[in-house]
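Worksheet: the structure to be examined is printed underneath.
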Amino acid sequence: MKKKVASVSFDWPKGFPNSPLDVESFLIGSVVTNVSRRAKVLSIDLDTGYTLVIHLKMTGQLVFRSPNDNFGAGHPNGSLVGDLPDKSTRVTIKFSDNSTLYFNDQRKFGWIRLLPTTEVPKLDFFKKLGPEPLPNDFTSSIFASRLERRRNSNIKSVLLDQTVVAGVGNIYADESLWGAKINPNTLVRNLSKPKMNNLFTQLRYVLNLAIEKGGSTNSNYVNIDGKRGSYMDFARVFRREGLACPRCQTTIQKTRVAGRGTHFCPNCQRLVK
DNA sequence: CACTTGACCTGTCCGC
DNA sequence: TGCGGACAGGTCAAGT
């Protein structure tokens, strides 16, 4: 159904950084023409030639409700998110059919920008962004050559580098390194070609599994219906420190690599120099 | 230039 | 029970 913006409210000036001052007059009356994703960024195109660009960061939520929806916590279809707006709601966009889009963000790291559609690809982030990992034209040799751009860094931080490959975050970095039996501290220059190929396969496996499971609700993440994702139930190392490695039963450890919590099996994922 | 660290924010958990 | 501090994850600015 056609979604036409009827009203916009936001309690939080930083929610629209670098956007036209009069966000409301730009948005009201505009009609959504397309919704897309690139890396961890969402884009909602409008028929006015403007686009809402959204990043949820860690605790952001984008939840859509129709007037008759009842997805509250006590409901059989219960979601992580109850009645909205709640105290983490930063932006509310109401449509002419009385449906509503809520942008919630507990920690306020996320943002929404309103930009001319033609300006979106010119954002520095998009210009530097690496390829999407899942399309068929992304091959293991392309992956390997992009890793080589940072030969002297540890593989964990390179996986997290959005200019190398788009969209890989902390959870799926740890999970794919476990799958490929690679220690997170391994320098890229010490990774053999077979290991890189293995990592390529494991990364795509983990991402596809996560999509199938609706993502990872480590804390706040929910889908557009406000429902949590279940990948964490299938995680093999992430947040499983102190538990047995599913492959060899060795106790999983947690350390810090690239400034992030990092989980690995000290037996399966030995450091190769 | 390549690479690492700190800031951004708030809620939760842990120890005293 | 209260309170301080560590911690969580994604990106960018600032530092080495």
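Quick note on labels: first sequence line is chain A, next is B, and so on, each numbered from 1.
Residue A:Ser153 is in sugar-phosphate contact alone, with no base atom involved, counting any heavy-atom pair closer than 4.0 Å across all strands shown. Counting any heavy atom pair closer than 4.0 Å across all strands shown, A:Gly169 reaches sugar-phosphate atoms only and no base atom. The residue A:Phe238 sits close only to the backbone: its heavy atoms come under 4.0 Å of sugar-phosphate atoms, none of a base.
Interatomic distance, A:Asn220 CG to A:Met58 CE, rounded to the nearest 0.5 Å: 10.0 Å.
Comparing A:Asp124 and A:Arg260 by the nucleotide of DNA chain C that holds the closest heavy atom to each, the one mapping nearer the 5' end is A:Arg260. Toward the 5′ end of DNA chain B lies the nearest nucleotide of A:Ala258, the other residue of the pair A:Ala258 and A:Gln106 mapping further downstream. For the pair A:Gln162 and A:Lys254, both in contact range of DNA chain C, the more 5′-proximal nearest nucleotide belongs to A:Lys254.
Distance A:Lys57 NZ to B:dC8 P: 13 Å, rounded to the nearest Å. Here the P atom of nucleotide B:dT10 and the CG atom of A:Leu56 are 18 Å apart, to the nearest Å. Rounding to whole angstrom units, NZ of residue A:Lys156 and P of B:dC3 are separated by 18 Å. Separating the CG atom of A:Leu129 from the P atom of C:dG10 is a distance of 14 Å, rounded to the nearest angstrom. Per the geometry, CG belonging to A:Asn185 stands 13 Å off C1' belonging to B:dT4, to the nearest Å.
Annotation: A:Phe103 is not in aromatic contact with A:Phe10 [ring centroid separation under 6.0 Å not met].
Between A:Asn152 and A:Arg189 the shortest side-chain heavy-atom distance falls below 4.5 Å.
Side-chain proximity of A:Phe125 to C:dA8, C:dG10, C:dC12: nearest is C:dC12.
Other residues, nucleotides and ligands contribute more than 12 heavy atoms inside 6.0 Å of the NZ atom of A:Lys3.
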